[in-house]
Amino acid sequence: MTPITRFAPSPTGHLHIGGARTALFCWAYARRYGGRFVLRIEDTDQARSSEASTRGILEDLAWLGIAWDDGPEYRVRGQGQGAGEEGAGAIGGDARGVGPFEQSRRLDIYNRWIDWLIERDLAYPAFDTTEEVEAKRKAAAERKETFRYIREASYDRAGSLARMRAGEMHVVRFRHPGTPVHVTDAVLGAITFEAEHTDDFVLRKADGFPTYHFAVVIDDELMAVTHILRGQEHLNNTPRHVALQLALKHDDGTPFRIPVYAHLPLIFNPDGSKMSKRDKDKAARAECKARFGAASASSERLGVTGLADEAYQAWIADARSQLPADVLARVAAGLKIELPEIEVEDFRRSGYLPEVVCNYIALLGWNPGMKNPDGTDLERFDMAFLAEHFDLDRIGKTNSKFDRAKLAAFNQDSLAKMAPEEFAARFRAWCGQYEPRLAAWEHARFAIGARAAQPRAQTFREAVGRLEFALMADDAVVFDAAAVEKVLKKGEPNGLSVLGEVATVLEGIGDWRPEVIEGTLKAWAEAKGLGMGKVAQPLRVAITGSTVSPGLGDTLALVGKQGVLERVLRCVEQVG
RNA sequence: GGCCCCAUCGUCUAGCCUGGUCCAGGACGCGACCCUUUCAAGGUCGAGACACGGGUUCGAAUCCCGUUGGGGUCACCA
């Protein structure tokens with residue numbers, strides 16, 4: 001049996017990193033066994049779903065290199081930076097004729113099955129208002145019980161059907177058979193759910209849309225899904241789904257299949273809290289409070305447009321509130337802080353490589369159990385490796401915490417190992433989207449910048465940071481006081497005097513290329529009987545304001561001869 | 001609270017199914033040293049875990065039970 005897996009996100013925001021892992025595992029399993037991977041959009045919550053989210057999710061998956069076989073069509077534009085097998089072209093489509101893949105477009109299908117169930121009295125209309133059910137739930141909670149909706153023996157079926165046909169507002173509930181459900185989970189093993197914990201859950205909401213539980217079961221059957229990989233938060237939904245699968249039969253009498261279930265361990269923040277997009281608001285809010293005080297801060301101070309003071313105050317006051325993503329991004333920029341990465345888009349913006357993100361998240365809950373030739377555990381691998389070796393039996397059971405430091409280490413390693421031309425090309429593509437100042441550099445200069453930043457950066461974002469000195473105006477350099485003290489004012493020939501001498505040497509260099517600059521300086525230092533540190537450090541401080549920069553030749557080349565001379569002069573004047 | 005799941009270094013994990021080769025291996029992080037024109041990288045070394053208690057057994061990280069701890073879930077959200 002060739003497996004068919006599916007990833008079924010609800011389009012209520014960007015793709016969460018946890019969702020990305022689920023998608024990755026689904027993809028990998030399908031690839032491993034030559035099956036198909038379906039992408040389905042679960043947009044049955046009319047209030048929260050949006051088409052923009054759907055587009056974002058498709059884009060995030062494509063960027064990660066997780067291509068779906070069946071699902072909404074997505075055009076990959078140009079030089080894709082994705083990690084997976086598809087470079088360009090189209091992803092998705094409906095080769096098997098099982099679409100559409102947006103649940104909001106499948107209402108007639110669900111309704112047909114609802115009718116089928118009602119006919120057999122396996123489901124029934126119920127007319128309770130939300131308030132009535134809520135009241136019962138509350139009453140049960142006060143008795144320290146869990147409310148379970150069960151159809152009363154006195155239920156008037158004929159009358160109810162008539163009311164339904166007359167158009168009265170109602171929901172359709174499943175008539176739970178009251179038998180225990182046994183599930184064999186591919187990860188967790190045998191699990192039994194006793195009957196007394198299940199109830200007559202809703203299949204179709206009052207707005208006519210199916211609930212998640214119902215749509216999932218119908219779609220998985222109709223799309224011939226064989227393996228359901230999903231987060232462990234769904235474990236308690238499984239008995240509902242199985243009960244439904246047991247109740248439903250096709251017209252020819254064949255029952256719905258019970259797919260293989262594999263519940264994945266969850267991913268949390270290092271502090272054990274849920275990884276939520278609210279974390280980003282939380283971080284920004286904490287920074288605002290720390291900087292401006294708890295209550296009185298004005299959005300004016302942030303220099304953020306499009307954020308009314310009233311909205312700002314409300315956001316500060318309510319720990320659970322969220323700012324629109326774009327506004328929040330501007331707040332963070334104004335604050336000059338990095339927001340925690342939660343969604344795939346965040347990692348992309350921070351300059352992580354998609355193949356590294358996939359590698360790292362695959363390790364959260366799965367590992368290949370193989371060794372490298374040197375005896376260490378194999379944990380660096382690419383998408384092709386996953387497609388070849390991924391399997392359910394090595395999925396762990398324990399939840400994990402997202403370790404950004406390890407991700408960053410992986411990313412730095414991949415960045416450093418990359419061929420310089422590839423690094424430059426990908427860095428440039430990233431800058432085109434997120435760092436226009438650098439993208440504007442002409443080719444030769446960018447190549448030097450890329451070379452200077454490559455071995456040192458954990459992310460593209462950080463690479464930009466390492467080049468910041470070349471981006472600033474010559475008269476904007478701030479000379480770090482400690483550096484000035486240590487490098488320019490102390491020592492036998494103190495740095496300042498070296499600077500004065502070296503300026504003339506620099507001035508004499510005609511061919512302003514990194515190798516020439518560095519060679520000339522080395523020769524000069526040697527001739528003067530000085531260690532290179534005596535020359536390099538004062539120059540670093542003069543050029544960048546700090547003692548830390550890329551290789552000296554690259555640093556000077558990036559600033560340009562004119563700029564270097566100006567900065568040195570300014571430094572001597574200011575410090576001396 | 002009911003139900004369900006889980007439990008190896010700070011973190012991710014290997015080992016557990018098929019008890020002995022485990023005074024528990026690796027990775028990230030951390031510490032020290034070396035190298036060095038800074039930072040990083042690299043090299044060498046180091047600290048660091050079988051939650052606890054009972055069994056079973058000649059022998060348990062590995063099997064069983066309990067305790068404790070953690071997580072999930074209890075919607076006309078998915």
Side-chain angles (χ1 to χ4, degrees), chain A residues 8-12 42-45 47-49 126 128-130 133-134 137 141 144-149 170-173 185 187-189 191-194 196-199 201-207 209-213 215-216 231-239 263 265-266 268 270 272 274 360 363-372 374-380 393 396-410 412-413 416 455-458 466 483 487 518 521-522 525 531-537 539-541 544 546-553 555:
Chain A
S10 56
T12 56
E42 312 224 323
D43 54 354
T44 55
D45 184 337
R48 295 200 303 150
S49 297
D128 321 69
T129 64
T130 312
V133 177
E134 213 40 63
R137 211 186 306 282
K144 292 193 188 301
E145 286 169 21
T146 304
F147 174 67
R148 298 167 55 230
Y149 191 107
H170 67 284
V171 300
V172 175
R173 286 181 180 271
D185 188 273
V187 173
L188 301 171
I191 305 167
T192 298
F193 298 91
E194 299 300 339
E196 54 267 33
H197 304 295
T198 49
D199 72 349
F201 55 94
V202 173
L203 301 179
R204 189 173 67 193
K205 300 178 266 189
D207 67 1
F209 274 56
T211 58
Y212 159 74
H213 301 297
V216 153
Q232 241 175 61
E233 73 267 20
H234 286 294
L235 185 59
N236 289 306
N237 293 149
T238 311
H263 286 95
L266 271 19
F268 294 98
K274 268 192 195 178
Y360 178 72
L363 250 14
L364 262 21
W366 183 82
N367 82 80
M370 295 181 190
K371 295 281 186 196
N372 290 309
D374 68 0
T376 57
D377 291 351
L378 191 158
E379 55 176 15
R380 301 302 313 273
D393 59 0
K397 302 177 179 185
T398 60
N399 297 338
S400 52
K401 291 172 183 165
F402 196 93
D403 182 3
R404 217 163 260 106
K406 184 157 179 168
L407 202 219
F410 274 26
Q412 177 171 46
D413 186 57
R456 298 167 167 78
Q458 293 198 312
R466 303 229 173 219
V487 176
E518 185 141 352
L521 288 171
K522 263 190 184 147
M532 190 59 178
K534 277 282 174 200
V535 178
Q537 289 309 82
L539 271 171
R540 282 203 164 87
V541 174
T544 73
S546 89
T547 54
V548 178
S549 90
L552 198 59
T555 301

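Whole-Å rounding puts the A:N367 CG to B:U11 C1' distance at 15 Å. As rounded to whole Å, 13 Å separates atom C1' of B:C77 from atom CG of A:D43. Rounded to whole Å, the distance from CG on A:D207 to C1' on B:C76 is 8 Å. The distance between atom NE2 of A:H197 and atom C1' of B:C5, rounded to the nearest whole Å, is 14 Å. Following rounding to the nearest Å, A:K534 (NZ) and B:U36 (C1') show an atom-to-atom distance of 16 Å. Spacing between atom OH of A:Y360 and atom C1' of B:U11 amounts to 8 Å, rounded to whole angstrom units.
Nucleotide B:G53 forms a Watson-Crick or G-U wobble pair with B:C65, both donor-acceptor distances falling under 3.5 Å. If you check B:A14 for Watson-Crick or wobble pairing at under 3.5 angstrom, you find it has no partner at all. Judged by Watson-Crick or G-U wobble contacts below 3.5 Å, the nucleotide B:G59 has no partner. B:C33 is paired with B:G43 under the criterion used here, namely a Watson-Crick or G-U wobble arrangement in which both key atom distances are under 3.5 Å. Searching all strands for a Watson-Crick or G-U wobble partner of B:C74 with both distances below 3.5 Å returns B:G1. Remark: B:C9 base-pairs with no nucleotide in the shown strands. Criterion, Watson-Crick or G-U wobble with two distances under 3.5 Å.
Residues forming a ring-ring contact (aromatic ring centres under 6.0 Å, His included) with A:F201 (at least two apart in sequence, or on another chain): A:F174, A:H213. Shown here are the side chain to side chain donor-acceptor pair (under 3.5 Å) partners of A:K406, two or more places apart in sequence or in another chain: A:E379. Every residue two or more places apart in sequence or in another chain that forms a ring-ring contact (aromatic ring centres under 6.0 Å, His included) with A:Y212 is listed here: A:H234, A:H241. For the side chain to side chain donor-acceptor pair (under 3.5 Å) test, residues two or more places apart in sequence or in another chain that qualify with A:R48 are A:D45. With sequence neighbours left out, A:K274 forms a side chain to side chain donor-acceptor pair (under 3.5 Å) with no residue at all. Partners of A:Y360 according to the ring-ring contact (aromatic ring centres under 6.0 Å, His included) rule, which considers only residues two or more places apart in sequence or in another chain, are A:F402. With sequence neighbours excluded, no residue satisfies side chain to side chain donor-acceptor pair (under 3.5 Å) with A:D393.
B:G66 and B:C28 have their P atoms separated by 40 Å, with the value rounded to a whole Å. Spacing of C1' atoms, B:G15 relative to B:A61, comes out at 8 Å, to the nearest Å. Distance noted for atom P between B:A40 and B:G29: 12 Å (whole Å). Remark: the separation of the P atoms in B:C16 and B:U56 is 25 Å, to the nearest Å. B:C9 and B:G48 have their P atoms separated by 14 Å, given to the nearest Å. Comparing B:U21 with B:C63, their P atoms sit 16 Å apart, to the nearest whole Å. On the P atoms, B:G43 is 36 Å away from B:C17, given to the nearest whole Å. For the C1' atoms, the distance from B:C65 to B:A60 is 15 Å, rounded to whole Å.
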Summary of protein contacts for nucleotides 68-75 of chain B, nucleotide by nucleotide, where a base hit scores B, a sugar-phosphate-only hit scores S (4.0 Å, heavy atoms):
---SBSBS
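Shown here for A:E42 and A:P11, the closest heavy-atom pair between the two residues is O-CD, 3.5 Å. Scanning both residues, A:K371 and A:D377, for their nearest heavy atoms gives NZ-OD1, 2.6 Å.
Residue-level contact check: A:D413 touches neither bases nor backbone, having no heavy atom under 4.0 Å from any strand. At the heavy-atom level, A:E145 lies nowhere under 4.0 Å from the strands shown. Looking at heavy-atom distances under 4.0 Å, A:K522 makes contact with a base.
At B:C39, none of the side-chain N or O atoms of A:T547 fall inside 4.0 Å of OP1 or OP2 (strictly under the cut-off). Applying the 4.0 Å criterion to OP1 and OP2 of B:C5, one finds that A:K397 has every side-chain N and O outside that range.
When the nearest nucleotides of RNA chain B are assigned to A:S549 and A:E42 by heavy-atom distance, the more 5′-ward of the two goes with A:S549. Each of A:A416 and A:F193 lies near RNA chain B, and the nucleotide nearest A:F193 is the one positioned closer to the 5' end.
Comparing atom distances between the A:L188 side chain and each of B:C5, B:U38, B:A78 picks out B:C5 as nearest. Distances were taken from every side-chain heavy atom of A:H213 (C-beta onward) to each of B:U13, B:A78, B:C39; the shortest belongs to B:A78. Between B:C77, B:C12, B:U38, one nucleotide has an atom nearer to the side chain of A:S400 than all others, and that is B:C12. Here B:A40 is the nucleotide among B:A40, B:A78, B:C76 with the atom lying nearest to any side-chain atom of A:R456.
Evaluation of atom-type donor-acceptor distances gives no pair under 3.5 Å for the side chain of A:R404 against the base of B:U11.
To the nearest 0.5 Å, the span separating CG on A:D403 from CG on A:L363 amounts to 11.0 Å.
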Do any N or O atoms of the protein come closer than 3.5 Å to N or O atoms of nucleotides 22-28 of chain B, and which pairs are they?
| unit_1 | atom_1 | unit_2 | atom_2 | d |
| --- | --- | --- | --- | --- |
| B:G25 | N2 | A:D377 | OD2 | 2.3 |
| B:G26 | O2' | A:D377 | N | 2.9 |
| B:A27 | O4' | A:E379 | OE2 | 3.1 |
| B:A27 | O2' | A:E379 | OE2 | 2.2 |
| B:A27 | O2' | A:K406 | NZ | 3.4 |
| B:A27 | N3 | A:K406 | NZ | 3.1 |
| B:C28 | O2' | A:K406 | N | 3.2 |

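In the model, A:T555 has a side-chain atom that pairs as donor or acceptor with a side-chain atom of A:S549 under 3.5 Å.
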